[in-house]
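Since the structure comes first, as structure tokens, the remarks are kept for the end.
What you are looking at is a predicted structure, and each value in this text was computed from that prediction instead of being measured. In what follows, every chain begins at residue 1, and chains take the letters A, B, ... in the order their sequences are listed.
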There are 2 protein chains.
Amino acid sequence: MAVKRDTKNQILDIAEALLQERGFHAFSYQHIASKLGVKNAAIHYHYPSKNDLAVALVARYRRRFSRWSENLAKENAAPWPCFESYIETCRYLIESNKICVLGMMAAEFNTMAEEVQREIQLLQDEVVSYFSDLLKRGQEQGEFSFLGDAAHKALVLTCQLQGAMQFAQVKGSGVYNVVVDQLRAELKPQA
Amino acid sequence: MAVKRDTKNQILDIAEALLQERGFHAFSYQHIASKLGVKNAAIHYHYPSKNDLAVALVARYRRRFSRWSENLAKENAAPWPCFESYIETCRYLIESNKICVLGMMAAEFNTMAEEVQREIQLLQDEVVSYFSDLLKRGQEQGEFSFLGDAAHKALVLTCQLQGAMQFAQVKGSGVYNVVVDQLRAELKPQA
DNA sequence: GTCTATAGCGGGATAGAC
DNA sequence: GTCTATCCCGCTATAGAC
């Protein structure tokens with residue numbers, strides 16, 4: 001039997017899944033507690049207020065994204081595999097009926113405490129700058145082709161993928177495939 | 001003094017604004033009632049359950065979009081002004097700290113009753129097909145240039161704009177301007 | 001059509017035992 | 001670190017008077 005992971009992280013795992021499926025205001029400590037097989041007071045022990053939970057949720061997601069992109073950088077992965085790797089991660093989310101934490105939190109941004117809002121901003125910066133670096137590198141290597149500034153194109157790309165995940169919830173994952181195919185075609189250097 | 005609009009529509013106006021600012025699960029009948037200067041029982045008289053309200057909200061939004069796009073069609077407006085008109089409508093939303101009803105409902109899709117989900121799907125279809133027709137027309141007239149199918153490009157464009165509105169909440173309306181500028185540049189036929 | 005009043009539930013949160 | 005028990009609040013919703 002595997003060693004039981006510490007409760008604090010398990011709570012975040014469950015809360016993250018609920019956030020991505022339902023949004024922050026549509027799940028409760030009771031939901032987490034029952035999935036974890038404890039009482040809701042146990043959740044409050046680890047995250048006294050739901051606001052604390054929100055901060056921890058976004059912060060962990062951001063750290064994880066950070067590590068993920070740093071690893072890709074270390075491996076010196078080529079532009080297209082880097083791009084496809086992100087695409088695949090999103091596809092996995094969609095198939096579990098989830099959307100990106102960033103997209104959900106962006107939609108719910110106005111209802112979040114300032115502390116959470118700052119975390120969301122940092123997360124957004126990080127995702128956009130990942131794509132910005134990737135696009136720049138790909139352009140230099142002749143792998144990607146696009147108009148204008150890499151930073152601007154990166155912002156558009158991120159918006160597109162966030163929107164695509166949300167639209168895929170509404171009309172099914174076919175929507176996501178269409179969007180991604182179009183993205184690939186538009187990034188490919190023309191013959 | 002202006003004639004008092006009927007309560008039923010005023011409720012929808014207020015609920016729509018709250019939905020766009022905060023999301024469906026982050027406003028209550030009390031919020032609506034106090035803004036309207038009545039008691040919450042009055043809201044329940046017009047919309048017995050919150051689910052009824054959700055259906056009415058999306059349905060009205062869809063009818064309004066329908067009329068809006070039909071009027072543009074009747075006027076035989078040129079492709080670029082049609083495009084810019086939509087862009088401006090979205091800009092106005094952002095400046096009021098709101099996002100599109102479609103974007104919010106797409107994020108919250110999983111928590112909605114089936115009846116509401118069907119309305120959201122119809123709304124999404126309608127928006128995408130508006131852009132699909134527009135892009136096709138613009139391409140035929142040599143005003144727009146893009147790769148692949150107009151219907152596919154329309155889907156991408158809609159995702160982009162929904163994402164841009166959400167990201168503008170997080171980092172300010174500058175984000176929206178960057179995205180829109182990029183979109184314009186990419187649609188313009190190359191010299 | 002709007003009111004007062006209230007039912008009934010579920011939410012976030014805390015105290016204190018174990 | 002988790003439990004039981006409980007508080008208090010806000011929410012959706014309804015009944016019945018006006």
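- Applying the side chain to side chain contact (heavy atoms under 4.5 Å, CB included) test to A/Asp149 and every residue at least two apart in sequence or in another chain returns A/Ala151, A/His152.
- Residue pairs meeting the side-chain hydrogen bond (donor to acceptor under 3.5 Å, both in side chains) criterion with at least one member in residues 173-187 of chain B, sequence neighbours excluded, are A/Lys153-B/Glu186, B/Glu84-B/Arg184, B/Arg91-B/Asn177, B/Asp181-B/Arg184, B/Gln182-B/Glu186.
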Side chains of residues 132-140 of chain A: which donor-acceptor pairs under 3.5 Å do they make with residues two or more places apart or in other chains?
{"unit_1": "A/Arg137", "atom_1": "NH1", "unit_2": "A/Ala77", "atom_2": "O", "d": "2.9"}

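- Not counting sequence neighbours, the partners of A/Gln117 by the side chain to side chain contact (heavy atoms under 4.5 Å, CB included) test are A/Phe109, A/Met112, A/Glu114.
- Straight-line distance from the NE2 atom of A/His25 to the P atom of D/dC11: 12 Å, rounded to whole Å.
- Here C/dA13 presents its C1' atom at 16 Å from NE2 of A/His46, a figure rounded to the nearest Å.
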Reading nucleotides 12-18 of chain D from 5' to 3' and marking B where a protein heavy atom lies under 4.0 Å of the base, S where only the sugar-phosphate is that close, and - otherwise, the string is BBB----
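- For the pair A/Thr7 and D/dG1, the criterion of a side-chain N or O lying under 4.0 Å from OP1 or OP2 is not met.
- Among the protein residues, B/His31 comes within range of the sugar-phosphate backbone only, with heavy atoms under 4.0 Å from sugar or phosphate atoms but none that close to a base.
- Of the residues in residues 53-61 of chain B, not one comes within less than 4.0 Å of DNA chain D through any heavy atom.
- If you measure from atom NZ of A/Lys8 to atom C1' of D/dT2, you get 15 Å, rounded to the nearest angstrom.
- Taking A/Phe167 as the reference, nothing meets the ring pair (Phe, Tyr, Trp, His ring centres under 6.0 Å) condition, with sequence neighbours excluded.
- B/Gln162 has its side chain out of reach of A/Gln166: every pair of non-hydrogen atoms, C-beta onward, lies at least 4.5 Å apart.
- In this view, B/Asn97 satisfies the side chain to side chain donor-acceptor pair (under 3.5 Å) rule with no residue, not counting sequence neighbours.
- Not counting sequence neighbours, the partners of B/Gln169 by the side chain to side chain donor-acceptor pair (under 3.5 Å) test are A/Asn110.
- The side chain to side chain donor-acceptor pair (under 3.5 Å) check on A/Ser28 picks up A/His31, with sequence neighbours excluded.
- One axis for each end of the helix from C/dG1-D/dC18 to C/dC18-D/dG1, each built from five base pairs, and the angle between them comes to 0° at 10° resolution.
- Look at CD1 on B/Ile43: it is 13 Å from C1' on C/dC3, rounded to the nearest Å.
- With sequence neighbours left out, the side chain to side chain donor-acceptor pair (under 3.5 Å) criterion links B/Thr111 to B/His25.
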